[in-house]
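This report concerns only the one structure given below.
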Amino acid sequence: KSDVLAVMSNLKRVLIKKLSEGNKVDLDFLTLEPKVKGSFTHPEETFTANKNWVEIKARINKKFFNKIKEEFVVQKIANK
C-alpha cells in the first residue's frame with residue numbers, strides 16, 4: 001500500500017508541475033490539458049484573474065472507456 005501511495009504522490013507532483021507549465025499530459029488512458037478561458041479584447045492583452053481563468057480539460061481514452069463498459073456489471077441492490 002505504501003508503494004502505491006508513493007507512486008500516486010509522485011504522479012500528482014509531476015501532473016501539477018507539467019499542467020502548471022501549460023503542458024498537455026497523456027497517461028495513455030487519460031489525457032489532461034490546461035486551457036485558458038475568459039475574454040481577451042486584443043491579442044496583446046495579458047492574463048488577468050478577474051477576466052480570465054485556467055481550466056483542466058480531461059479526456060478518457062476511448063478504448064479504455066469501452067473496456068470499462070465491457071467489464072461493467074449492473075446489479076440491483078435491495079433497499080435497506
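Reckoned from all heavy atoms, side chains included, excluding hydrogens, waters and symmetry mates.
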CZ (F65) with more than 12 external heavy atoms under 6.0 Å:
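No - once you tally the heavy atoms of other residues, nucleotides and ligands closer than 6.0 Å, there are 12 at most.
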Decide whether V36 and V25 are clustered together by the hydrophobic rule: side chain heavy atoms of Ile, Leu, Val, Met, Phe, Trp, Tyr closer than 4.5 Å, transitively.
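No, separate clusters.
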Is L19 reachable from F47 through a run of hydrophobic residues whose side-chain heavy atoms are each under 4.5 Å from the next?
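No, separate clusters.
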Counterpart residues, side chain to side chain donor-acceptor pair (under 3.5 Å), relative to N50 (two or more places apart)
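Scan of N50 (side chain to side chain donor-acceptor pair (under 3.5 Å), adjacent residues dropped) gives T48.
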Among residues at least two apart in sequence or on other chains, which ones pass side-chain contact (heavy atoms from CB on, under 4.5 Å) with [X]?
X   : answer
E21 : K17, K18, N23
E45 : F40, T41, H42, K51
N10 : R13, V14
A58 : L30, L32

F64: ring-ring contact (aromatic ring centres under 6.0 Å, His included) partners, not counting sequence neighbours
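Checked F64 against ring-ring contact (aromatic ring centres under 6.0 Å, His included); matches are F29.
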Can you list everything that forms a salt bridge (charged side-chain N to carboxylate O under 4.0 Å, His left out) with E71? Sequence neighbours excluded, please.
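Partners of E71 by the salt bridge (charged side-chain N to carboxylate O under 4.0 Å, His left out) criterion, ordered by chain and then number, come out as K67.
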Closest approach of S39 to N52 (non-hydrogen atoms, all atoms of both residues):
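Distance-wise, the nearest heavy atoms are O-ND2, 3.1 Å.
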Apart from V7 itself, which Ile, Leu, Val, Met, Phe, Trp or Tyr residues share its cluster (side-chain heavy atoms under 4.5 Å, direct or through members)?
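For V7, no cluster forms, as it stays isolated from other hydrophobic side chains.
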Can you measure from CD1 (I60) to CG (N66) and round to the nearest 0.5 angstrom?
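I60 CD1 to N66 CG: 9.5 Å, rounded to 0.5 Å.
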Please list all pairs passing the salt bridge (Lys or Arg N to Asp or Glu O under 4.0 Å) test where one or both residues lie in residues 25-41, with sequence neighbours left out.
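Salt bridge (Lys or Arg N to Asp or Glu O under 4.0 Å) check on residues 25-41 returns E33-K35, E33-R59.
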